[in-house]
Amino acid sequence: MVASEQVLVTGRELDTLCINTIRTLAIDAVQQANSGHPGAPMGLAPVAYCLWQQFLRYDPADPTWINRDRFVLSNGHASMLLYAMLHLAEVRQVDERVQVTKELAVPMEEIKRFRQLGSRTPGHPESHLTSGVETTTGPLGQGVGNSLGMAIAGKWQAANFNRPGLEVFNYNVYALCSDGDLMEGVGGEAASLAGHLKLSNLCWIYDHNSVTLDGPAEWSFSEDVATRFVGYGWNVTRVVDANDLEMLARAFETFRKTTDRPTLIIVDSHIGYGSPHKQDSNAAHGEPLCEEEVRLVKKFYGWPEDAKFLVPDGVRENFRDGVGKRGRELHAQWARLFTEYSQKYPALAERVYPMQHRELPAGWDRNLPTFPADSTGVATRESSGKVLNLLAQNIPWLMGGSADLATSNKTTLKFEGAGEFQAGSYAGRNLHFGVREHAMGASVNGLTVSGVRAFGATFFNFSDYMRPSIRLSALMEIPSIFVFTHDSIGVGEDGPTHQPVEQLASLRAMPNLIVLRPGDANEVVEAWKVIAQLRHSPAALVLTRQALPTLDRSKYAPASGVAKGAYVLADASGGKPDVILLATGSELSLCVDAYEKLKADGVKARVVSMPSWELFEQQDAAYRESVLPASVTARVSVEMAATLGWDRYVGPKGRKIGLRRFGASAPLKDLLKFFGFTVDNVVAEARAAMSGSKSS
Ligand SMILES: Cc1ncc(C[n+]2csc(CCOP(=O)(O)OP(=O)(O)O)c2C)c(N)n1
Ligand SMILES: [Mg+2]
């Protein structure tokens with residue numbers, strides 16, 4: 001109850017006052033923006049309040065504290081709940097150099113600018129914009145998927161860093177989720193793996209409000225969630241009233257005491273609690289309330305009906321005394337512990353800072369190989385496996401795994417001590433995601449935001465199964481690593497179900513994702529060097545199953561050109577070509593062979609190796625002109641994939657050898673002939689381009 005004379009309240013009344021402050025802030029922000037979801041924050045306010053005030057080990061004065069508990073709002077449409085918590089708990093903003101500032105992450109002005117251009121309170125929480133937002137959520141299922149990766153990271157860090165009496169890593173991961181999160185496949189994949197791995201540091205709180213956007217949840221969702229999660233090996237507990245703080249607290253205590261499995265807390269709640277509409281309509285759900293409803297709700301909460309963005313006296317103080325004070329003390333205790341740890345285990349302690357700040361340790365590129373020229377060569381998946389194994393020995397926090405294709409992807413870390421990450425033995429660096437590409441993608445992002453360098457691998461064709469997570473890594477500006485092998489019709493007999501065609505073009509369309517398709521073993525080394533140094537962009541490394549010749553670099557340009565995205569590999573004498581052949585990956589050596597033939601015939605040709613369009617676009621105009629001079633309009637692109645986008649580089653007079661249909665199941669040599677990936681065809685297209693005949 002807020003009396004206009006502002007009598008200070010205590011105890012349960014103060015709790016209610018704080019909870020209603022969260023609710024009314026959400027209502028007012030949505031109202032002001034005339035857009036957003038007030039209902040879920042209203043229903044879940046007591047849950048967030050109880051968790052943050054009593055349990056979350058979080059220091060609002062330093063949201064970068066590495067051993068903080070993580071709070072993920074997987075139902076990102078309830079963003080105002082998170083913004084209200086960040087505001088009331090007075091979480092600080094962190095600047096671009098990862099320094100904590102005095103500024104609040106979400107000051108009141110930002111709540112008032114909810115969903116406006118350039119605000120720190122976008123429609124759904126974006127971790128690269130707002131400190132305290134652990135991960136970007138909104139596409140349902142992703143947040144719970146990320147929480148799996150965070151919990152894996154937590155267990156791995158604990159297993160590798162903790163020493164007797166010196167537990168420097170013991171954080172918990174809490175994810176608030178909704179019906180949609182549990183309906184989405186990725187949520188099920190993540191729950192299944194979390195249960196298998198017995199991740200006792202993971203707690204999902206399911207907002208069981210029996211409603212989704214279209215109407216009652218029962219229209220489309222009637223399974224027994226509790227039984228399903230018991231089947232996954234979770235500890236399942238229930239709170240039958242979201243407003244019952246004692247029952248909520250008991251459920252969180254149960255989670256804390258559970259040491260052998262993850263916990264699901266099912267909370268029965270009412271969306272838009274207090275709303276006159278409750279569950280009977282969409283109001284208070286996917287849209288703002290009407291003015292009349294706002295008044296009624298505020299009256300119900302005991303709020304002055306005209307008050308807007310009101311934080312009554314005593315509320316901020318209560319948060320300072322709760323999460324603020326507890327967090328500060330826990331952080332200080334931890335800092336003392338870490339000092340002792342640093343003295344006893346300096347080598348281990350020294351790893352923590354660079355791990356957290358995405359820095360590479362000294363000597364990270366030690367022993368990387370140079371592959372000798374070899375006309376038979378090796379598959380790029382093979383050379384990648386070798387490089388990855390060396391890098392992982394140099395970077396102790398590089399880890400990852402495959403969606404059940406590690407043997408094919410060549411991503412197994414085989415060196416001594418690499419180890420397996422399995423239930424109860426969490427020190428290993430080989431993760432086994434099982435056939436769960438989407439949860440793998442989301443976990444890799446969760447691992448990456450937790451500081452470890454993580455990779456996930458599968459066949460390139462199945463990148464589609466995890467695309468939403470790849471997209472979020474790009475949006476979040478985090479350096480997740482995605483390794484994709486079996487990159488084209490080069491897979492041969494497996495046929496069109498397994499032969500990617502449009503995946504390259506579609507991933508190249510994704511902002512901030514660096515796609516790399518290296519053309520031989522030495523380009524693979526250079527590609528991994530680029531990837532290791534990325535800090536704000538994810539990478540997709542696209543590799544072959546079939547062997548590719550290792551080019552003779554004494555004859556052709558060095559592979560270090562990969563760092564620039566595209567480079568002149570072989571040139572016409574005097575550097576003035578009449579035709580340019582552009583290729584990536586497995587088509588590079590084909591173009592080299594065509595080049596040699598053209599050269600023998602007296603044609604002045606150039607081969608441009610173009611493993612990464614994105615890196616090439618980052619180069620200055622002078623460099624780009626030096627590789628692709630505007631004056632040379634006879635150009636041919638050669639890539640075993642959809643041709644979409646190549647016009648940009650071959651120009652209106654250029655020609656494109658690629659795929660305009662799905663592939664086919666056949667031995668590779670037959671496919672190459674059938675689809676025109678032969679020296680003769682490249683030569684013919686080059687001549688056609690030079691004669692200016694119409695583009696194919
Ligand atoms: C992958 C994905 N599909 C669709 C949506 C659009 N959407 C936002 S909220 C929602 C469903 C809301 O139901 P629920 O998950 O139960 O959340 P509640 O409304 O109960 O808070 C949908 C379909 C989305 N955010 N993500
Ligand atoms: Mg719901």
Side-chain angles (χ1 to χ4, degrees), residues 18 21-22 24-26 28-30 32-33 36 41 48-49 51-53 56-73 76 78-138 171 308-332 334-335 353 356-359 449-451 475-478 535-536:
C18 290
T21 305
I22 299 168
T24 51
L25 282 177
D28 290 338
V30 169
Q32 176 129 325
Y49 176 76
L51 174 61
W52 281 56
Q53 276 293 81
L56 204 68
R57 290 175 301 188
Y58 188 89
D59 180 6
D62 185 0
T64 71
W65 173 28
I66 196 167
N67 195 39
R68 69 188 181 280
D69 282 349
R70 270 58 169 184
F71 175 76
V72 175
L73 186 76
S79 54
M80 261 315 301
L81 176 66
L82 180 52
Y83 298 146
M85 296 309 294
L86 295 174
H87 174 72
L88 294 171
E90 299 178 321
V91 172
R92 303 286 189 78
Q93 181 70 6
V94 178
D95 67 17
E96 276 159 16
R97 291 168 304 129
V98 204
Q99 299 297 313
V100 183
T101 67
K102 290 208 161 69
E103 218 186 307
L104 292 187
V106 182
M108 186 57 93
E109 309 89 81
E110 293 292 327
I111 290 191
K112 291 181 180 166
R113 294 209 309 134
F114 180 48
R115 291 183 163 234
Q116 304 308 302
L117 190 64
S119 77
R120 286 213 293 260
T121 47
H124 298 86
E126 295 179 42
S127 56
H128 67 296
L129 297 180
T130 317
S131 304
V133 174
E134 301 284 2
T135 181
T136 296
T137 54
Y171 58 86
K308 287 219 160 72
F309 300 104
L310 174 69
V311 179
D313 286 351
V315 168
R316 290 184 204 288
E317 292 74 6
N318 186 40
F319 276 92
R320 275 177 215 149
D321 292 344
V323 60
K325 183 162 174 278
R326 209 186 52 255
R328 186 172 60 246
E329 286 168 4
L330 286 166
H331 188 185
W334 181 88
Y353 185 92
Q356 188 185 6
H357 293 86
R358 300 182 192 158
E359 288 174 6
V449 296
S450 308
L475 174 61
M476 288 161 77
E477 301 180 2
I478 58 169
R535 297 179 77 184
H536 302 292

To the closest 0.5 Å, what do you measure between NZ (K112) and CG (D28)? 9.5 Å

In short, W65 meets R70 closest at the heavy-atom pair O-NH1, 4.4 Å

Should T64 and Q356 be marked as a side chain to side chain contact (heavy atoms under 4.5 Å, CB included) after you check the CA-CA gap, both sets of side-chain angles, and the distance that decides it? CA-CA 9 Å; T64 71; Q356 188 185 6; 4.1 Å; yes

Roughly how far apart are L104 CG and E90 CD, rounded to 0.5 Å? 6.0 Å

According to the interplanar angle, ranging from 0 to 90°, do the rings of H331 and W334 count as parallel (below 30°), tilted (30 to 60°) or perpendicular (above 60°)? tilted

Without swapping roles, check the side chain of Q32 against the backbone of I111 for a donor-acceptor pair under 3.5 Å. no

Determine whether T130 and P125 make a side-chain contact, defined as any pair of heavy atoms from C-beta on separated by less than 4.5 Å. no

Please answer whether the main-chain N or O of R358 pairs with a side-chain N or O of R535 as donor and acceptor at a distance below 3.5 Å. yes

Inter-residue atom distance K325.NZ - L330.CG, 0.5 Å rounding: 10.5 Å

Ignoring hydrogens and geometry, is there a side-chain-to-backbone donor-acceptor pair from R68 to D59 under 3.5 Å? no

For L81 and I22, what are the C-alpha separation, side-chain angles and deciding distance, and is it a side chain to side chain contact (heavy atoms under 4.5 Å, CB included)? CA-CA 7 Å; L81 176 66; I22 299 168; 3.7 Å; yes

Run the side chain to side chain contact (heavy atoms under 4.5 Å, CB included) test on V133 and L86 for me, step by step, so that the C-alpha distance in whole Å, both residues' side-chain angles and the decisive distance to 0.1 Å come before the verdict. CA-CA 9 Å; V133 174; L86 295 174; 4.0 Å; yes

Charged N-O contact under 4.0 Å between R113 and E110: yes

How about L88 and W52: do any of their side-chain heavy atoms sit closer than 4.5 Å? no

For the pair Q116 (side chain) and F114 (backbone), establish whether a donor and an acceptor sit closer than 3.5 Å, ignoring hydrogens and angles. yes

For the student: nearest non-hydrogen atoms of P41 and A26, plus distance: CB-CB, 3.7 Å

Side-chain donor/acceptor of Y49 to backbone N/O of M85, under 3.5 Å: no

Here the pair of heavy atoms bringing H128 nearest to M476 is CB-O, 3.7 Å

Which pair of heavy atoms, one from S79 and one from P122, lies closest together, and at what distance? OG-O, 4.1 Å

Less than 3.5 Å apart, any donor N or O on the side chain of T136 or S127 sitting next to an acceptor on the other? yes

Could you state the interatomic distance from CD (E329) to CZ (R57), rounded to the nearest 0.5 Å? 14.5 Å

Go through the steps for R316 and V311 under the test side chain to side chain contact (heavy atoms under 4.5 Å, CB included), then give the verdict. CA-CA 8 Å; R316 290 184 204 288; V311 179; 3.6 Å; yes

Spatial distance of atom CE (M80) from atom OG1 (T121) [nearest 0.5 Å]: 7.5 Å

Without swapping roles, check the side chain of Q93 against the backbone of S131 for a donor-acceptor pair under 3.5 Å. yes

Side chain proximity check, L475 to E126, heavy atoms < 4.5 angstrom: yes

Nearest 0.5 angstrom please: L25 CG to M108 CE, how far? 5.0 Å

Which atoms form the tightest heavy-atom contact between D69 and Y58, and what is the distance? O-CD1, 3.7 Å

N/O donor-acceptor pair under 3.5 Å between R115 side chain and V30 backbone: no

